[in-house]
Engineer: 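One structure coming up, written as structure tokens, with questions to follow.
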Amino acid sequence: VYLKALTKVNYFKINNFSNCLIKENAVLLSQVRSAFYLYPKLPENYTNETWQKLKEAVEAIQNSTSIRYNLEELYQAVENLCSHKISAKLYKQLRVVCEDHIKAQIDQFREYPFLYSVLFLKKIDKCWQDHCRQMIMIRSIFLFLDRTYVLQNSMLPSIWDMGLELFRFYIISDLKVQSKTIDGILLLIERERSGEAIDRSLLRSLLSMLSDLQIYQDSFEQRFLEETNRLYAAEGQRLMQEREVPEYLHHVNKRLEEEADRVITYLDQSTQKSLIASVEKQLLGEHLTAILQKGLNNLLDENRIQDLSLLYQLFSRVKGGVQVLLQHWIEYIKAFGSTIVINPEKDKTMVQELLDFKDKVDYIIDVCFMKNEKFVNGMKEAFETFINKRPNKPAELIAKYVDSKLRAGNKEATDEELEKMLDKIMIIFRFIYGKDVFEAFYKKDLAKRLLVGKSASVDAEKSMLSKLKHECGAAFTSKLEGMFKDMELSKDIMVQFKQHMQCQNIPGNIELTVNILTMGYWPTYAPMEVHLPPEMVRLQEIFKTFYLGKHSGRKLQWQSTLGHCVLKAEFKEVIKPVNLRLLQTSKMFNKYDKNLRRTLQSLACGKARVLTKIPKSKDVEDGDKFSCNDDFKHKLFRIKINQIQMKETVEEQASTTERVFQDRQYQIDAAIVRIMKMRKTLSHNLLVSEVYNQLKFPVKPADLKKRIESLIDRDYMERDKDNPNQYNYVA
């Protein structure tokens, strides 16, 4: 069984020479044979004659001539010599023959006239290929020697390694040959980098030779990387001056792909890391700030998504690249956002521009910056910075923008689109400091929508209220919720009032609807005396008696300026119900000239002109004359004539803002008293620091100091007698 196992034939291939197949079991069988048999003594001249035969075969291989002897016969001769302890001598003799042959090859390269030419490289490559082929053939003849004697002597190189050693020592280690070879290889690579087509297989073979000879790193790689650094350093400086940033980025990406392909095609894998790092450093690392200063703003302004994606990918490859990009990203958002917020001419479009800008940067972060959390946080920080550069105004305009979207008649969006828009508004809302300013203007606009019936959707209103409550807490929305509660209670009260009217059998053909508003919840409205018809005055008194009878201790104040009514108007051909504001129906306007002008303008200059004005114009002047338009016609059965809305005056805006500041003073006072009551004694700096931590809106140090002085004057606190920079709480 043992001998049978030894007779199995195994084949191997060396350096892609598939035609050299050896029966490895021959060595094993010979070893087994030597264990059982004693070989006869060799004839006297057998050793010399055999060596001459082997030497002749080796030289024939080296000279590429035919071998006179059978390869099996030569193999057997080597086995015979080794079996008679002549292995050491045979190894030395073989080394000498190989050495002499390789020595003879060097002269042709020293005298070769074509310096740095491809012909020189091809000649070197041919010499190398011939050497490899020859050593494979020689090794196949001397395989027994290689597998026995050489294997048993660890200090001796194998026949293949011996050939490499000799080739390295006598050919490649020659300074002139090595210099010409390396220079030629570098020249070919430089030509390829310049766009020329070269023989890549030649390069692959030569670099594989250097790697096999173990001189790749020392003789080639170091010089190659130096040349690469020099080339790309100069190229980076030149192209940064000549090309625009998108073009430059694509060039860098192309260069990186080319170098990666070179590693795959003919360079050693060990070169990849250093080579790519060199390209990244020279084309990117040295120009990070210059690239961003020259082109980032344009890429962002023009929304160049693909170029921005490439920019991020390339900067991610360089140490510190993402951080530099992040800083410029934040600065861009601050600068661009400031142009939207600071310029008063953009107030009409500010909120929409902010929403569009936010959508744009979100998309860039998601698609181009791979949803990098640092860029998300940087964007939030930048938005918070620029949106508060102009105190209070963004908050006011956001409130008005929401009003325009929630008001009836807004048919721009479906319910789903409206909900998405409100979510986006809330994101912008989070960035503003003056949330109390938003609350004041939002409450004023909400009141108009609820009282005039201008709200587009109760669900949308409550959805917005829910978002505000979730963002700012229940205290922020308590008054707003109270307004909705008043409207619901008013409906119940009116049901009870109608039942009361029916039970009391009170005559009258006017239907009265009243909204009961809790004064603390709603904006403050200046009372205005309006002369109403006696029938309406009587109904008001009946309702007042009914309501106070159910709710004793309360006081009712009529706000006629917020009311509206439906009149039955008789014209020549038709009778039409006309829906008017209460002020439009009043007969006495002598004290309220502005309201009179607006009312007449709405009745005579609007779409439904129930009055005729002479002369015809859009505005009402002092000498204009008005008369009833008896020939009035309209396609609708019921006509609604809106009061001409006066634009919010500067005084009204200032009044709303002033109320906000007044409320802020109360909050500051309350915060100071709370802190002093708990701490009893506190230095000025610590008190200021704790007040800032409690307040949710920005306060100037000077304003805070005024509130402290006011509390000292009102005996809530006092200065310490020994230390004027310290305060004591007064119980």
Side-chain angles (χ1 to χ4, degrees), residues 12-22 53-69 71 74-75 78 91 93-143 145-146 150 157-185 188 198-216 219-220 266 268:
F12 65 97
K13 182 171 71 174
I14 301 173
N15 278 23
N16 297 325
F17 287 89
S18 58
N19 57 336
C20 297
L21 300 175
I22 307 299
K53 190 187 298 184
L54 291 170
K55 182 181 179 183
E56 183 182 337
V58 170
E59 289 174 346
I61 292 171
Q62 291 171 339
N63 296 322
S64 299
T65 58
S66 60
I67 304 172
R68 289 195 302 137
Y69 308 102
L71 289 177
L74 294 172
Y75 180 87
V78 173
Y91 182 83
Q93 289 174 321
L94 176 62
R95 182 184 176 92
V96 170
V97 173
C98 293
E99 190 171 6
D100 290 341
H101 174 72
I102 293 172
K103 277 183 184 178
Q105 304 297 314
I106 189 64
D107 293 333
Q108 62 176 323
F109 298 114
R110 286 176 176 168
E111 303 301 327
Y112 202 76
F114 301 102
L115 189 64
Y116 306 130
S117 71
V118 177
L119 292 176
F120 179 83
L121 295 179
K122 286 183 176 179
K123 195 164 185 66
I124 281 285
D125 182 55
K126 184 178 183 304
C127 181
W128 166 249
Q129 297 297 340
D130 290 344
H131 172 77
C132 292
R133 178 180 52 78
Q134 292 162 12
M135 292 309 300
I136 288 171
M137 291 293 294
I138 292 169
R139 183 176 179 273
S140 67
I141 294 173
F142 290 86
L143 184 62
L145 175 68
D146 205 30
V150 176
S158 67
I159 293 174
W160 175 260
D161 290 340
M162 176 190 72
L164 295 179
E165 192 179 284
L166 293 172
F167 193 91
R168 178 173 59 244
F169 184 79
Y170 288 105
I171 305 295
I172 294 301
S173 292
D174 183 89
L175 293 179
K176 288 185 179 180
V177 174
Q178 186 178 122
S179 178
K180 289 179 183 180
T181 304
I182 301 303
D183 288 347
I185 292 172
L188 279 183
I198 63 165
D199 187 350
R200 297 185 119 201
S201 62
L202 175 62
L203 275 181
R204 181 167 57 247
S205 178
L206 289 170
L207 292 172
S208 176
M209 173 191 75
L210 296 179
S211 185
D212 290 342
L213 296 175
Q214 298 181 354
I215 60 170
Y216 178 88
S219 65
F220 169 76
Y266 53 76
D268 192 87

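None of these values were measured; they are calculated from a predicted model. One is the number of the first residue; the rest follow in order along the sequence.
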Engineer: Using the six-membered ring wherever Trp is involved, compare the ring planes of Phe120 and Phe109 and label them parallel, tilted or perpendicular (cut-offs 30° and 60°).
Structural biologist: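 Plane angle over 60°, so perpendicular.
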Engineer: How far does CD1 of Ile124 sit from CD of Gln108, to the nearest 0.5 angstrom?
Structural biologist: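 Those atoms lie 8.0 Å apart.
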Engineer: Quick check: does any side chain N or O of Tyr216 sit under 3.5 Å from a backbone N or O of Asp268, one acting as donor and the other as acceptor?
Structural biologist: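 Answer holds: yes.
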Engineer: Could you tell me the separation between the NZ atom of Lys122 and the CG atom of Asp199, rounded to the nearest 0.5 Å?
Structural biologist: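 Taking NZ in Lys122 and CG in Asp199, the distance rounds to 6.0 Å.
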Engineer: Pick one: which of His131, Arg133, Arg139, Met137 meets side-chain contact (heavy atoms from CB on, under 4.5 Å) with Met135?
Structural biologist: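 Exactly one candidate clears the test, His131.
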Engineer: Taking Ser211 for its side chain and Ser208 for its backbone only, find out whether a donor-acceptor pair lies under 3.5 Å.
Structural biologist: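 Judged by distance alone, no pair lies under 3.5 Å.
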Engineer: First locate atom CG of Asp212, then atom CH2 of Trp160, and finally report the distance between them rounded to the nearest 0.5 Å.
Structural biologist: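 Those atoms lie 7.0 Å apart.
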Engineer: Supply the atom-to-atom distance Leu145 CG to Leu94 CG, rounded to the nearest 0.5 angstrom.
Structural biologist: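 It is 7.0 Å, given to the nearest 0.5 Å.
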Engineer: Walk me through it: do Gln93 and Lys55 pass the test side chain to side chain contact (heavy atoms under 4.5 Å, CB included)?
Structural biologist: CA-CA 9 Å; Gln93 289 174 321; Lys55 182 181 179 183; over 6 Å; no
Engineer: Would you say Phe169 has more than 12 foreign heavy atoms packed within less than 6.0 Å of its CZ?
Structural biologist: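 No, not enclosed.
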Engineer: Among all residues two or more places apart in sequence or in another chain, which pass the ring pair (Phe, Tyr, Trp, His ring centres under 6.0 Å) test with Tyr266?
Structural biologist: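 Once residues adjacent in sequence are excluded, Tyr266 has no partner under the ring pair (Phe, Tyr, Trp, His ring centres under 6.0 Å) criterion.
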Engineer: List in chain and number order the residues that pass salt bridge (Lys or Arg N to Asp or Glu O under 4.0 Å) with Asp125, two or more places apart in sequence or in another chain; answer none if no residue qualifies.
Structural biologist: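 None.
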Engineer: For Ala57 and Leu74, which heavy atoms make the closest approach, and how far apart are they?
Structural biologist: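 Ala57 and Leu74 have their closest heavy atoms at CB-CD1, 3.6 Å.
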Engineer: Going from CG on Leu164 to CG on Leu213, what distance comes out if it is rounded to the nearest 0.5 angstrom?
Structural biologist: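 Going from CG on Leu164 over to CG on Leu213, the span is 6.0 Å.
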Engineer: Take Cys127 and Phe167 through the test side chain to side chain contact (heavy atoms under 4.5 Å, CB included) and record every step on the way to the result.
Structural biologist: CA-CA 10 Å; Cys127 181; Phe167 193 91; 3.7 Å; yes
Engineer: Could you please spell out the steps behind the side chain to side chain contact (heavy atoms under 4.5 Å, CB included) verdict for Ile172 and Trp128?
Structural biologist: CA-CA 10 Å; Ile172 294 301; Trp128 166 249; over 6 Å; no
Engineer: Just how far is it from atom CD of Gln62 to atom CD of Gln105, taken to the nearest 0.5 Å?
Structural biologist: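 Nearest 0.5 Å value for the CD-CD distance: 8.5 Å.
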Engineer: Of all residues at least two apart in sequence or in a different chain, which pass the salt bridge (Lys or Arg N to Asp or Glu O under 4.0 Å) check with Glu59?
Structural biologist: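 Counting only residues at least two positions away or on another chain, Glu59 forms no salt bridge (Lys or Arg N to Asp or Glu O under 4.0 Å).
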